[in-house]
Each structure stands twice: as structure tokens, then as C-alpha cells.
Amino acid sequence: MLSELDSLKTAALAALESAQDESALEAVRVNFLGKKGSVTALSQGMKDVPVEQKKEVGAKLNEVRTAITEGIDTKKLALQAAQDAKAVEGIDITLPGRPGSGVGALHPLTQIRDLAIRTLRRMGFALAEGPEIETEWHCFDALNTPADHPARNEKDTFYLPDGRLLRTHTSSVQVRTMEAAKALPIRIIAPGAAYRRDEIDATHLSVFNQLEGLYVNQDVSLGDLKGTLEYFFREIFGPGTAVRFRPHFFPFTEPSFEIDVKLEAKGKEARWIEIAGCGMVDPAVFAEINKARGDTLFDPDTTTGFAFGLGLDRLAMIMHGITDIRHLIENDVRFLQQFAA
Amino acid sequence: MQVSLSWLSTHLDLSSYTVPQLSDLLTFAGVEVEGIEERGVATDKVVVAQIQSFEQHPNADKLSVCQVDDGSGALRQIVCGAKNFKAGDKVPLALPGAVLPGGFAIKEGKLRGVDSLGMLCSGKELGIGEDTGGLLIMAADSPVGTPFNKLNPADVLFDLEITPNRPDLLSHLGLARELAALTGLPLKGERHHANASTKTKAAAEEQIVIKAAEACPLYTARIIKGVKVGPSPEWLRRRLESIGLRPINSIVDITNYVMMEMGQSLHCFDLDKLKGGIVVRVAAEGEKFLALDGQTYELKTDDLVIADSHRPVAIAGVMGGEETGVTEGTVNVLLESAYFAPSGIRRTSRRLGLSSDSSYRFERGIDPQQVQGGSELATKLILTIAGGTAEDLVQVAGEAPKLVGEVTLDENRARKLLGTPDMTGDEIHAILEKLGLTKKSASKHESHWGIPSYRLDLQRPVDLMEEIARVIGLDRVPSRQVAVASPVEAADRIYDFAMNLRQSLAARGFFEAQTLRLIADAQLADSLGGGQGVAVKNPLSEDHTTLRPSIVPGLVATAALNIRQGLHRLRFFELGRVFLTLPKGGSREEERLAVLLSGPVSPTSWHGREPQAADIHELVGQIQNLTRTPLEVRPVKENGANYLLTSELRAGNRILGWIAQLHPARAREINARHPVYVAELLISALRQGSTGPTKFEELPRFPGMTRDVAMEVPADLPHAKVAAFFATQKHPLFVGAEVFDVFADPSGTKMAKDRKSIAWTLTYRSAEKTLETAEVDAAHTAILTALEKSLPATVRR
């Protein structure tokens, strides 16, 4: 009987060795350990074994049963492992991903405008807006621009047959805002389109984008203007950026300045790049607004303010090194996808 | 304006300033330096040399070995590559140690083994001319050994942008005056105010009449007889040429010189060609005038002219006449110096499209006090250069207008505006005084100032504050930041809403476009939404005539451009303003969002399968996901020529916008490979749908059960009708329904052509318990009965 058990064990282990899947394993279990299995059959002969051998045979029987059970478990794990490994067989993980619905992008002008707006909002500016079709008064007269000023003729400004015009700058939003204001302070920014009768070329568009800012209160000073715009441009171009204010002339601010920032182009010496205009609101503007409102909210003796305007197209070109402004209106996907965030 | 440093230096000694320092000085005075050109050489180490002999270089075909006389007594050997010289020629020689324009340093050295102790130079190498392909051959009488810059003085030319408020800087004297103020350097010499000495009493007095005193408050004339007109002397020609003016003849050159020297524009008439006396009057309507530029101008009663008894002889302050100009044959001249009011000159110059250095100055405003001085300086120069005898100056129309007065400065206001509380009264006074203002009186915080006649821009206290700011510069002003909280404005909410839409679309694979708001008439047929745009009166070209009534035309053009680049999967959006003409006149501006979609639903990739092309439902779905409101797509009666399937997009009673398929004929025009779908949405309508923070709804605690229903309905029954039926069912167990299948057979074989089969899944649930099958069945039957009653539907049971 002992030798029979040994040969059963050998046979069972051999059968396990050659089993290729779970069902073959199950067959081995049934053949040897099942109700009618050969090990089960032998164990039923235990009762006929002489008493002095019972202990030895019993131990043998357990040994054989354990060996087969463990063999089955081990083989089962091995088969599972082999199958799991097969699950990723043939997958070339180095391939690129599926594109889904693809990658879109915000227009670079939107991105730069949003950066500017987020920065200025942190400083407490709220947004304002106004119509792009404007009256001459809002675009020029209220902004201290004389009737025979060169900018007002039909060579430089688009007019409608009814005498209105397409605003030549977003500064008209300053006027709209002050006209409607209930109280001071006024602290607004106004992004928007403006129009000039320029032939479209590498550096000019007839419709372009500006960002206007206005802060009016008692005792706003040149120091406020400087502090605000220095902070703004350092947020946009980096903390160490040099900013300088050059005296200039605009009809609606006095004193007026143009702002340059010192920027490095790749591999070139840093140079000053003109980026914005600004100044202290001219008292003549306040006087004109008061006249239109019929009150003295903007008392020129106590009220002061600063205003600034910058070209967003130009800012985007400087920021991204764009060489031709027409890229900004052509919307070639090869251009747009370079700005996918 | 071109400004010559050597010319400026006749007024003040700028030798202690480098060119970059001067450039900075001007820049921070508010004068933009647009260009700097250095001409000639400043170094003494370029001298006149004479070539004594030359021979072929032993080791180089193209080089010669020259022996030159540099004036030192000994011959100097120079290797030279030019061929345009002969022995005896005088040429510029750069000695070792010389630095030429562009920083090129000259050293002793060997060229192909032969010693070369300097360099013979071309004009270009010395910064005084174009490349002529060889050495600059100098005049035969040029003295050997003389520094080149003694014969051709070095100069630096600044191209300056003078802002319109500073006409006083439109001359060398004016700029010198400004630089003197900023640097503290003294102005040299006379200021051109002395009277020219005359021996002859004026005879012209009665012959000059002013009939338009407002436009011409001051007119002076002087007759100079017996002049000999010829070429100007070297110094005068060089001055004019240095700033880009072409010398003509001595008289004309002198008037140009005086203009560039002191800003006074003059005109000289040939006295013998004038018929009768001078009249300053407005032109007759339609009067013709032949100007010096050879053009004939038709004048209006708005234009001021200088006339003789027969005809206009000059458009005042703008241009003289061809027939009475000074020529080589002129013997007697009438020299005009006047003040013309800026607005008239500006009007005439603009209307005629005729502008000159003279009109440029008059329309910005000249110093009335310099009118006489300009005449005096010109007279003096004419007498010196062209000879003749001058009569006394005749001055008519009273006196120079007084354009500036006195200004009182509240110094505390100035300190506040500038943000410089520590600025002392003395400092303020010193700044204004050095700018030429005269302190009339001063108390503790207030001072009273006389303004120089040339500073037309200083009229108000704030103008003086600007001067102070300009002089101290912003470096002196401490930066201040006062953040003040601002309440959120309507514009902020709109901006944030629009930005969310933009980001959602970009995340869904759409590219944001920005197209021009001015579009061509031909593009209007691509518009969606039915509005009429706003036409511009003076468009630049027929490509940009009208403010767009819709964004879609721009997106169609964008699609066309990208198709030309070979792209056929197109996904674009643009968010921006459109312009609508109102029926009763006037216009309205509104913000819209347009979307364009064409081609495969996803980009092609290595999987090799071409993804299916999007259909119009893809675009509806995208909009649905964007707006997160159930959309009703309601076809409209009029498609528009360029569209099919044009439909309104509605949410309840609100029109959100429009959707359509670009007509295949139009799609073929832009070579689209796949159908092109477009939509345009109204931002204001979209925003109405989003109100306040979301209210949380309790999650269902018990499972729901579903029942499907299939029904046959007329093919033209809109989805919205069925959806509306389900949406209005009030059965307590009914939760909602969703369509999951639509079948129609246009061929009529499997189902009648005018019928379609639709299938919906209905969900039932109770908030209190798990439902029994029988309860659900009862509810379902009730709903189906109602369905057949309210809709032309046959339920398949």
C-alpha cells in the first residue's frame, strides 16, 4: 500500500505538471482527490490495514494528499500568473496616446488679455466697457481733443454716415464710466477693440485690441500711477524687469508718459521697448465731464486721476516673439496650436 | 525732424556730452529719438594723404602697395585693395590708432606679408557717403596732412519726434534753448533779435493790405533790391544737406536755413513779377493757384492767400506760387515773415492734401515774437551772401498776438499731483526759472509766473506741473500702491462667464479664432441670425466695409484659410461683438459666441481607422454640453442662401441662437471635404440660464425601475413635442424619460416614408420605498395612455 501511494503521488504530480489550464487542474483533483478519486479509494482501504501499520500508512496518506493539494494550488497560481502576463502581451506601450477629441487652444490675445486682467484685478480694478461705435464727443471732445486735431479726419478715423465713428481708442470708456459714475473712487480697466484707418501690414491692423485703465479719486498722484504700472509690468514680464517712463504728450492727460520695458530678445542685447501710454487725467477732461453730467462730482480742484492704455496685440507680439501682426487675425491652426495651454 | 549736432553746437557747447547721453537727455525731456546717424569722423587721425607711387603686391593680385605722403615728411607704406586712384591723387588716410565709424580700429600690420601702416579710406568707411567702389578722391587743393575732419566736419544727426504740444522745439535754436535749460549750459551768442541795418526807407508801406486780420494778425515785408542770386556758399549748402534739404539757390536756401535755425517760416517773392501791391485775403471760391510744386490747386473761401492785384501768389503759410518764386534771374525780392493762425493753415493744408515744412510749423503754432527776428536774420544773410540793399522792415496789421500770459502755481497742488511731498519751493522755482519762466511774485505756497512767448503750451497751472514732472523725471517720484476694493461690475460677470465658455470649448478641442470685425459685403451672406450689419462711410478697401452682424462669416473665412493649408478637421469658435442696424436708425452692439465644426469627430492617429465625420447632431451635442440646458432645435422657414437646416436653438422661451449647415454649394467654394456646421449663440441669453449658486437635491435612497416604449409617429413630429410631453407628466412615480433609438426609412420599404419609429426609456422611482413591479406597470400604462391621447403616436405593445 505504501508503494501504491508513492506511485499515485508521482502520477498525480506528473499530471499536474502537464496540466495547461484550470479545467485540467480540476480533472487532476477529481481523478486523485475526488469522491471516486484514486487517493480517496486507497484511503477507504485504511480499515484493512494492520494496526501496527496504520500509523505509517496514515501518515503516508496525509503526505500524498497534502502534496497533491499543494501541487494543485501552486500550479493554479502559476497558471493565473501566466494568464495575467498574457493580458498585456503585444501591447506596445511606447506608442503615442489616442487623441480623444483633440487639443484646442485659447487665442494668444485672449491669454495675454486674461493675464493682464487677472493682474489688475488683484490690484482692485473692476472691468468696464463701452460701445465700439461712438460719438465724436465721447471719443474726442470729452478727451480734450480739438475739433481740428489730425486724428479726427476721415483719413485716419472710420466714420458712419450718421456722423458717429468707430472709436479710435478705448479711452472713450473712461468718458462713459465717468459720465455714469455715482461716486468716487473710480477704478476700472476696459479691454476692447479700437479702430484706425491703417492699411493692414506686418505691424498694423485696422482693428486692434487695447486695454484701458482709469483711477480717479481725491489726491491720486503720479506716484500711484508709477507704482501701479511698475507692479503691473513686473507681474507680466518678471520681477526684475526694468520699467521707465518717458515724458510724452496726449491731449487727455497731463503730465503724460510713454512706458518702456527693457526686454531681452533671444541672443540679443536687452533693449527698451515701448509698451504703453499713461498720464494724469487732464483737468479739462474733468471739466467736460462735469458739464455733461451737470454736477461737480469731478471737481477739478480736488479730483485727480491717472489713466493708461496699452496695445494688447503688441503685448502679445512682444511676449511671444511674433514677427507679423497678421498672424493674430488669420487664425491658422499651425499658429494657434502653438499656444495650447 | 532731422537735427544736426554740429548745427546745435553753434548755440551751446555740448562737447562734454556723449551721443548716448544727449539721446537720453532728449528722451527724458519728452523728445523721442527715433534714429541717430553718425557722419564723418571725429578723430584727428584721419588725414589728407597724397599717393606718390604704387606697385602690384607681390603675393596678391588684387592688392597694391602704395607709398603715400602723410604730411610728416617721410613716406608711409600702405597696402590697398582699391583700383580707382592714380599717383598724385589726394585721399583720406586713417593712421594707426584711428577708430572709424562702426568702431573699426586701425592698426599697423602686414597684409599678405607686406607691411601696411594705416588704411586709405572710401567715403563710406568715413561715414560720409555711399559706397562708390573705391577710395574717396579729394579735391586737388586739399592740404596734405590736414585732419580730414577739418575739411569734412563730423556730425551726428538725430531724427526726433517732436510732440504736437512743443512747436517751439521745431528748430535748432529751440532745441538748443531746451537743452540749455536741462543742462544748465549757457546759450552762445546773439539771439537773432537785432535789427538789420538799412540805408533805404521802406517804400512798400502803402502797398500791403491785410483783409483777414484774424487769420493773419501779423504780416511783415521787406524789400531788398539788387541781389545776385546764385549757388549758396559751402557752409550753407552743407547745413541744409546735413538735415536732408536740397540746396536750390542762395535766397531760397537762406529762407530754409532761417526756418530750421529758428522756426520762422519765410517766403521770398520776386518783386518784379508781382503786379501791384500785396493783399492778404481769403481766396475766392474756385480760385486757381499754381504752386511751386507744379500743381494747380482750386481754392475755397476758407483758404488764406497772399495775392498781388491780379492773382494769388502764395497759399499763406503753406506754399508759394510758381510764377513769382525767386530764380537765378531775380534781382529784387520781397521777403515775407508773418504769423498765420494755426487752425486756418491746418484746414487748408488738410483739404488740399498739401503739407510743407512751413505749414507743419504754422499749424502747430510759432512764436509771434520771432516774426521780426526771422526777417532780420534772413535780411542779414541775404545782404552778406547775395548782396543788394535792404529797405526798412514794413510791419502791418498791428502787432504780434499775445498767446501766452501769466500762470499762478499752487505749489501744494503740484506736490500732491506729482506725489512728491518733500519738493521744496526753491526747487520748483529753480526748475521753472531754468526753463525760461519769469517769477513775478511768490508767497508761501503760491508763485506767479510769466511765460516766455515761445511756450505756447504753458497756459494753466497743470501745464507748469507737467514741466516740473518732466524735469525731475519719474525716478524722483516714489512709487505708491493703494489697493482699493472695487465692487464687482456687470462687465466683470460677463467677462468671467465668457472666459468659462472659452475655456470649456478649448478643452473640447476647439481653437479660438479672432477675426476682424470689419468684413466685406460679399461675406454678409455667410451671416447667421438675420441681422443687418453697420456700413462704414469711409472703408479702407472693399474687404472691410461693414461691421459684422454675425461672427460666422469670419469663421467661414478661417475655415477656408485652414483648408487651403490642407486641414480638413475644423473646430473653431470666436467670442466677440457684433453690430446690428436698428430698423428705426441707430445701432446695437451685442456679444456672441460662434462655433464652426467640420470633419472627423476625432483626429486621425496610428490606430489607422478614419474616424467618422461629424454630423450636425455632433454640434448640437457640443452646444448642449456647453450650455447644460435641454435645447430645442426648431427649424426656421427661411434658410438663407448659404445655408441648409437653419434652426433656432431654444431653451424654453429663450432664443439662445442659431445652428445650420453651410450649403454644399458654399462649402464647395471653400473646398471643404466634409459638411461644415455652424452655430451662433447670444451671450446674454446664455447668461440668463445661469442663476446663482446651485441648490443641492437629496440623492434617491431607493432604486429606480425602467420601462422602454417604442412608438410610431409622423416623420415630421419634432423631438421637442415628445420631450415636452414627458417633461410635463406629473405622475408621482415618474422621474423622466430619454430617447434611445430613432428609425426612419426614406426609401419606404421597412416603414412608410412619412412615419418614423422612436424608442424611449422611462424611469420610475419612489422616495419612500423600493417599488413593486405591479406599481411600475400601472404607472407606465397610465403614461402610455396619456401619450397616445396627446401625441399622434402608435405605441407598440
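Chain letters run A, B, ... following the sequence lines, proteins first, then strands; residues in each count from 1.
Contacts between Pro342(B) and chain A at a heavy-atom distance below 4.5 Å are absent for every atom of the residue. Residue Arg588(B) does not touch chain A at all, counting heavy-atom pairs closer than 4.5 Å. Only the side chain of Arg413(B) comes within contact range of chain A, with heavy atoms under 4.5 Å apart. Residue Pro600(B) does not touch chain A at all, counting heavy-atom pairs closer than 4.5 Å. For chain A, the nearby parts of Pro603(B) are the backbone and the side chain; heavy atoms of each come within less than 4.5 Å. Only the backbone of Ala128(A) has a heavy atom closer than 4.5 Å to any heavy atom of chain B. Neither the backbone nor the side chain of Phe208(A) comes within less than 4.5 Å of any heavy atom of chain B. For Asp543(B), no part sits under 4.5 Å from any heavy atom of chain A, backbone or side chain. Heavy atoms of Glu199(A) lying under 4.5 Å from chain B belong to its backbone as well as its side chain. With a 4.5 angstrom heavy-atom cutoff, Phe250(A) does not touch chain B via any of its atoms. At a 4.5 Å heavy-atom cutoff, Arg415(B) makes no contact with chain A through either its backbone or its side chain. Residue contact with chain A, scored on non-hydrogen atoms closer than 4.5 Å, involves the side chain of Gln565(B) exclusively.
The candidate from Ile117(A), Val220(A), Leu205(A) with the greatest count of non-hydrogen atom pairs under 4.5 Å with chain B is Ile117(A).
Arg197(A) contributes no side-chain N or O that, together with a main-chain N or O of Phe158(A), makes up a donor-acceptor pair within less than 3.5 Å.
The cationic group of Arg493(B) does not satisfy the cation-pi geometry with Phe497(B), failing either the under 6.0 Å distance to the six-membered ring centre or the 45° limit from the ring axis.
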